[in-house]
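Counting starts at 1 for both ligands and their atoms, in listed order.
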Amino acid sequence: MSVTVVTGSASGIGAAIRDQLLAAGQRVIGIDRQNADIVADLASAEGRKAAVDAVLEACGGKLDGLVCCAGLGPTAPSSSLIVSVNYFGMSELVDGLAPALERGTKPAVLLIGSVASVHQGMDKLPMVGAMLANDEAGARTQADAMAMPQAAYAGSKYAITVYARKKAVELGPKGIRLNVLAPGAVETPLLDASRADARYGEAIRNFVAPIGRNSAPDEIANVACFLQSAQASFVHGTVVFVDGGMDAMTRPERF
Ligand code: NAD
């Protein structure tokens, strides 16, 4: 039986992916702050190490899949928290679990990015440089100094996408596939909180994808499960937008 770790398994997209993998007969090890097989706080280095250790014990050191969904939106309590969870809560799980994945069967990793990662100027942000240099303290300081949670969100999603594309080159020869799924607006508690926020709510409500509606979590999970499956055996190092056309609308000449 295939064994897949899903972070953020208690809610939204992660819960939908967990349910679909279970329905397909896989074993799922869910990680979240609550209501999960492994309860861990991915915001801290200690919490991430505890999560990796617990996974290694639960899977006996051999893992077939990893899907990193746990993330915070721009309404999170601080920009530094967004950086820690959205970037280091994914990169350190990939780094920590890569040896176990190498021992797995047709192993595959999927990171949930965002269409927000394509916002212009993300590559110039000092916090992004610090994330990519694996400097969590520096990235947190830069993020809080900027005091723009929306930029911390988009910057963390841009940085984790760059991390993934570089990591894919390293993991390919080890037989591990790695991709990024970039959703548009998905009906989850994270989107509810952003829509209700006095700072961002109106812009989010007005920004409608060409397809004319937001996604259900299952529509994201459908693509996530395909990317993790043997049917996607040659899909590696890529970013798949599942966004109802948002990326096409905002930058039709870039792909
Ligand atoms: P959600 O709030 O429903 O689920 C996120 C989950 O992550 C929650 O269960 C939460 O407890 C968990 N989590 C947060 N911080 C954590 C921590 N420190 N340690 C462990 N777990 C933690 O949100 P969602 O919309 O399902 O988001 C899932 C992913 O999809 C996120 O990475 C988000 O950035 C991304 N995304 C969402 C949307 C959207 O519109 N909903 C769009 C693009 C990308």
Side-chain angles (χ1 to χ4, degrees), residues 5-20 29-52 54-55 66-78 80-93 110-119 136 140 149-150 152-161 163-164 180-197 200-201 203-205 207-209 213-221 223-224 239-244 246-247:
V5 166
V6 178
T7 77
S9 59
S11 177
I13 295 169
I17 293 173
R18 174 184 172 277
D19 289 349
Q20 287 199 14
I29 301 172
I31 302 177
D32 210 305
R33 291 178 293 189
Q34 69 284 312
N35 301 328
D37 305 295
I38 295 172
V39 172
D41 181 2
L42 300 176
S44 73
E46 304 76 52
R48 297 188 289 263
K49 184 177 181 316
V52 167
V55 166
L66 168 64
V67 182
C68 292
C69 287
L72 294 172
T75 62
S78 70
S80 49
L81 201 55
I82 294 172
V83 161
S84 283
V85 176
N86 291 9
Y87 184 84
F88 295 96
M90 293 196 183
S91 65
E92 287 190 8
L93 272 264
L110 185 66
L111 307 185
I112 304 300
S114 171
V115 72
S117 63
V118 305
H119 284 182
E136 185 173 11
R140 287 175 61 94
Q150 190 75 307
Y153 182 75
S156 70
K157 292 299 185 180
Y158 171 80
I160 201 63
T161 304
Y163 162 87
V180 175
L181 188 161
V186 189
E187 292 296 345
T188 70
L190 185 154
L191 184 65
D192 286 340
S194 304
R195 251 190 318 235
D197 189 274
Y200 316 119
I204 289 170
R205 286 191 296 275
F207 192 58
V208 180
R213 62 176 176 83
N214 296 336
S215 172
D218 264 332
E219 293 177 283
I220 306 299
V223 181
V239 183
V240 179
F241 290 90
V242 187
D243 65 352
M246 271 187 183
D247 181 49

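The CD1 atom of I31 sits 12.5 Å away from the CZ atom of R18 when rounded to the nearest 0.5 Å. Atom NZ of residue K157 and atom CD1 of residue I82 lie 10.5 Å apart, to the nearest 0.5 angstrom.
Using 4.0 Å as the threshold, Q34 has a heavy atom nearer than that to some atom of ligand 1.
For atom 19 (N) of ligand 1, the nearest protein heavy atom (residue, atom name, distance) is L42 N, 2.9 Å. Summary of contacts: the protein heavy atom closest to atom 18 (N) of ligand 1 is D41 OD1, 2.8 Å. Protein heavy atom nearest atom 23 (O) of ligand 1, with residue, atom name and distance: L190 CB, 3.3 Å. The nearest heavy-atom contact from the protein to atom 35 (C) of ligand 1 is I112 CG2, 3.8 Å.
Counting atoms of ligand 1 from 1 in the listed order, those under 4.0 Å from a heavy atom of G113 are 35 (C), 44 (C). Of all atoms in ligand 1, listed by their number and element, those nearer than 4.0 Å to a heavy atom of A40 are 19 (N), 20 (C). The distance from ligand 1 to the heavy atoms of I13 drops below 4.0 Å at these ligand atoms: 26 (O), 30 (O), 37 (C). Counting the atoms of ligand 1 from 1 in the order shown, those under 4.0 Å from a heavy atom of A43 are 18 (N). Proximity to G12 (heavy-atom distance under 4.0 Å) selects the following atoms of ligand 1: 3 (O), 26 (O).
Evaluated for a side chain to side chain contact (heavy atoms under 4.5 Å, CB included) with L181, the options L111, I17, I220, V239 yield exactly one hit, I220.
In this structure, V5 and V67 have side chains that are not in contact, with every pair of non-hydrogen atoms separated by 4.5 Å or more. Here the side chains of Y153 and L72 are not in contact, with every heavy-atom distance at 4.5 Å or above.
Only the side chain of T188 comes within 4.0 Å of ligand 1, judged by heavy-atom distances. Of all the heavy atoms of L72, the ones lying under 4.0 Å from any atom of ligand 1 belong exclusively to the side chain.
Annotation: V85 places no N or O atom under 3.5 Å from an N or O atom of ligand 1; distance criterion only. Backbone and side-chain nitrogen or oxygen atoms of Y153 are examined, and one is located within less than 3.5 angstrom of a nitrogen or oxygen of ligand 1.
Compare G184, A185, G71 by their heavy atoms: the one nearest to atom 38 (C) of ligand 1 is in G184. The residue among G73, A10, S11 with a heavy atom at the shortest distance from atom 3 (O) of ligand 1 is S11. The nearest non-hydrogen atom to atom 32 (O) of ligand 1, considering only C69, S84, C68, comes from C69. Comparing D32, V186, I82 against atom 9 (O) of ligand 1, the shortest heavy-atom distance belongs to D32. Relative to atom 14 (C) of ligand 1, the option among R33, M246, E187, R195 with the closest non-hydrogen atom is R33.
The backbone N or O of G89 lies less than 3.5 Å from no partner atom in the side chain of E92, so there is not a single donor-acceptor pair. Counting only distance, with no hydrogens or angles, the side chain of S156 and the backbone of N86 share no donor-acceptor pair below 3.5 Å. In terms of modelled atom types and a separation under 3.5 Å, the side chain of S117 and the main chain of A154 share no donor-acceptor contact.
Under the 3.5 Å distance criterion, with hydrogens and angles disregarded, a donor-acceptor pair is assigned to the side chains of E136 and S84.
For Y163, the side chain to side chain donor-acceptor pair (under 3.5 Å) test picks out D95, with sequence neighbours left out. For the side chain to side chain contact (heavy atoms under 4.5 Å, CB included) test, residues two or more places apart in sequence or in another chain that qualify with S80 are S78, R140, D144.
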Legend entry - Audit row: V208, R213, side chain to side chain contact (heavy atoms under 4.5 Å, CB included) steps and yes/no: CA-CA 6 Å; V208 180; R213 62 176 176 83; over 6 Å; no
